[in-house]
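A short write-up of the structure that comes next.
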Number of protein chains: 2
Amino acid sequence: MIKINIKNTKRIPDIVIEERLPKYLRALSRMYENGTLERVSSEDLGKTLNYSAAQIRKDLSYFGRFGKQGQGYDVKKLLDRLRDILGLQNRQWNMALVGVGGLGKAIMGYGRFAPQGFKIVAAFDQDPAKVGKKVAGVPVRDMKDLKDTIKEENIQIGIVAVPASSAQSVIGKLEEAGIKAILNYAPITPQKGIARIQDIDPVLKLQSMTYYLKQTEQSKK
Amino acid sequence: MIKINIKNTKRIPDIVIEERLPKYLRALSRMYENGTLERVSSEDLGKTLNYSAAQIRKDLSYFGRFGKQGQGYDVKKLLDRLRDILGLQNRQWNMALVGVGGLGKAIMGYGRFAPQGFKIVAAFDQDPAKVGKKVAGVPVRDMKDLKDTIKEENIQIGIVAVPASSAQSVIGKLEEAGIKAILNYAPITPQKGIARIQDIDPVLKLQSMTYYLKQTEQSKK
DNA sequence: GTATGTGAAAGTGTTCACAGCG
DNA sequence: CGCTGTGAACACTTTCACATAC
């Protein structure tokens, strides 16, 4: 049996994709826009992000060799490379939002999606009174049109902004319609299904901070 | 020298506090409200949260022994214990929001803070045109009143909803005013300071998902 | 019998430290 | 000579597996 020597591609830790690369991108974008710096070292980038220099070099090394020894990284080049890796280079991702209540409306009005290439192109609600109206310029549709609209509008990402009680069922419907990525604002942990899901719950974040606040309170006594 | 044998308290991993305990609490609250279950096993809880049973037992064991062998955990009792650990038992946390723009207004209208014991009791903006008006029943104040209001209103948590460009400086002002916990909606990574900070940026979450979406797209070709 | 609590083993992620390139 | 890229060492986290308690 002949063994072909494939380049030993090490597994990329999840946290690199899920947390750090997007943060690198965010920091570099800012540097680039401010136009202060043409090159950046792992040390510098680490300082602005509270990571070790080694961490940053290691993370980037999973995807290639972008730096120049003795010089650091070219900001523009690294930026482009990160956008490419994350699937953000020269393209737009279309999103469908479900649940046009207070939270849903706020999400539709959030100003940072579009400039980053994420566009909410459709909205859905189960309440007939809301269907047909427009929110942030987008017509609210009936849930029964979910599947068709997702195909027609070439939607790849779903946003869930419904109450906890209906969230799991809405996620199921999105998955049935072929959605593979969901941003979930409902306060539940969805059952594992087909789609990749990212949860947003500010209350959970507050609840972890109160743990530490409580500790400090007590140590004062 | 006499050695006192203190119980070997193992360090609690950060992720237990920062992620899992609040999720346990959220899931148990829901179970309790639905009233379906009086007891729950680590296996059951794990299934609803996509964690292993061992993980849950280990996490809880850092704080004591709450379960009964052969029976599992009493939902109500565990719920109370978790609330106690996280500093949520019979108390309210007061919060101050800075930045009454579109995002800030949406946060002030978010319906899940108050029922969980988190109350926005003051709002601040640097724009004189906004100062004096009310948003969601809360008067908007001048930034120069930050420190005094935080003392007077017994505020422990800050919420930052200003643009990236002023976020770091606002965080500094909150820290100067004695704030030890901040929920940061601005798209920056703050420099390490006195306060504990939790960041919320839905764009980062989307950007990690597109990485995987892109992979699937390519494997189809 | 059944499910917890927990040391020990396995697995995963981070830091070290230095060879090597610009 | 400075800073990257990277194996190797280290640190941390999760899972295993079983003695223990109800």
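So you know, we letter chains A, B, ... as the sequences are listed, proteins then strands, and number each from 1. Please read all numbers here as calculations on a predicted model, not as lab measurements.
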Sorted by chain and residue number, the salt bridge (Lys or Arg N to Asp or Glu O under 4.0 Å) partners of A:Glu153 (sequence neighbours excluded) come out as A:Arg141

* To do: List for me each residue that meets salt bridge (Lys or Arg N to Asp or Glu O under 4.0 Å) alongside B:Glu38, sequence neighbours excluded, and say none if there are none.
  =>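 B:Glu38 satisfies salt bridge (Lys or Arg N to Asp or Glu O under 4.0 Å) with no other residue.
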
Worksheet entry | Positions of residues 44-60 of chain A (non-hydrogen atom under 4.0 Å from DNA chain D), listed by number |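 Contacting residues: A:Arg57, A:Lys58.
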
request  = Output yes when A:Glu18 and A:Arg196 qualify as a salt bridge under the 4.0 Å nitrogen-oxygen rule, no when they do not.
outcome  = yes

Inter- and intrachain pairs under salt bridge (charged side-chain N to carboxylate O under 4.0 Å, His left out), touching [range], at least two apart:
| range | result |
| --- | --- |
| residues 47-61 of chain A | A:Arg20-A:Asp59, A:Glu43-A:Lys47 |
| residues 155-172 of chain B | none |
| residues 87-103 of chain B | A:Glu217-B:Arg91 |
| residues 164-175 of chain A | none |

When the C1' atoms of the five terminal pairs at each end define the local axes, what inter-axis angle does the helix from C:dG1-D:dC22 to C:dG22-D:dC1 show, to 10 degrees?
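Here the helix ends are tilted 10° relative to one another.
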
Open item on the list: What contact category does A:Arg39 fall into here, base, sugar-phosphate, or nothing, at under 4.0 angstrom with non-hydrogen atoms?
Closed with: nothing

To the nearest Å, give me how far apart [atom1] ([X]) and [atom2] ([N]) are.
| X | N | atom1 | atom2 | answer |
| --- | --- | --- | --- | --- |
| B:Ile15 | C:dG13 | CD1 | P | 11 Å |
| B:Lys68 | C:dT4 | NZ | P | 12 Å |
| A:Asp14 | C:dG11 | CG | C1' | 13 Å |
| B:Phe66 | C:dT6 | CZ | P | 11 Å |

Q. B:Trp93 side chain to B:Leu88 main-chain N or O, any donor-acceptor pair under 3.5 Å?
A. no

| Side-chain (A:Lys205) to main-chain (B:Ile197) donor-acceptor, under 3.5 angstrom | no

At a 4.0 Å cut-off to heavy atoms of chain B, the contacted part of DNA chain D spans D:dT13 to D:dC22

Q: Look at atom OH of A:Tyr32 and say whether more than 12 heavy atoms of other residues, nucleotides or ligands are closer to it than 6.0 Å.
A: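 Open: at most 12 neighbouring heavy atoms sit under 6.0 Å from OH of A:Tyr32.
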
Hits for side-chain contact (heavy atoms from CB on, under 4.5 Å) against B:Asp74, two or more places apart or cross-chain, chain-then-number order -> B:Lys76, B:Lys77

Closest heavy-atom pair, A:Ala186 versus A:Ala167, reported as atoms and distance to 0.1 Å, is CB-CB, 3.4 Å

Checklist line | Distance below 4.0 Å between A:Tyr62 side-chain N/O and C:dG13 OP1 or OP2 | finding: no

Between protein and nucleotides 19-21 of chain C, what N or O pairs are separated by less than 3.5 Å?
from, atom 1, to, atom 2, distance (Å)
C:dG20, N2, A:Gln69, NE2, 3.3

Show me, pair by pair, the donor-acceptor contacts under 3.5 angstrom made by side chains of residues 95-117 of chain B, not counting sequence neighbours?
from, atom 1, to, atom 2, distance (Å)
B:Tyr110, OH, B:Arg112, NH1, 2.7
B:Arg112, NH1, A:Asp201, OD1, 3.0
B:Arg112, NH2, A:Asp201, OD2, 3.1

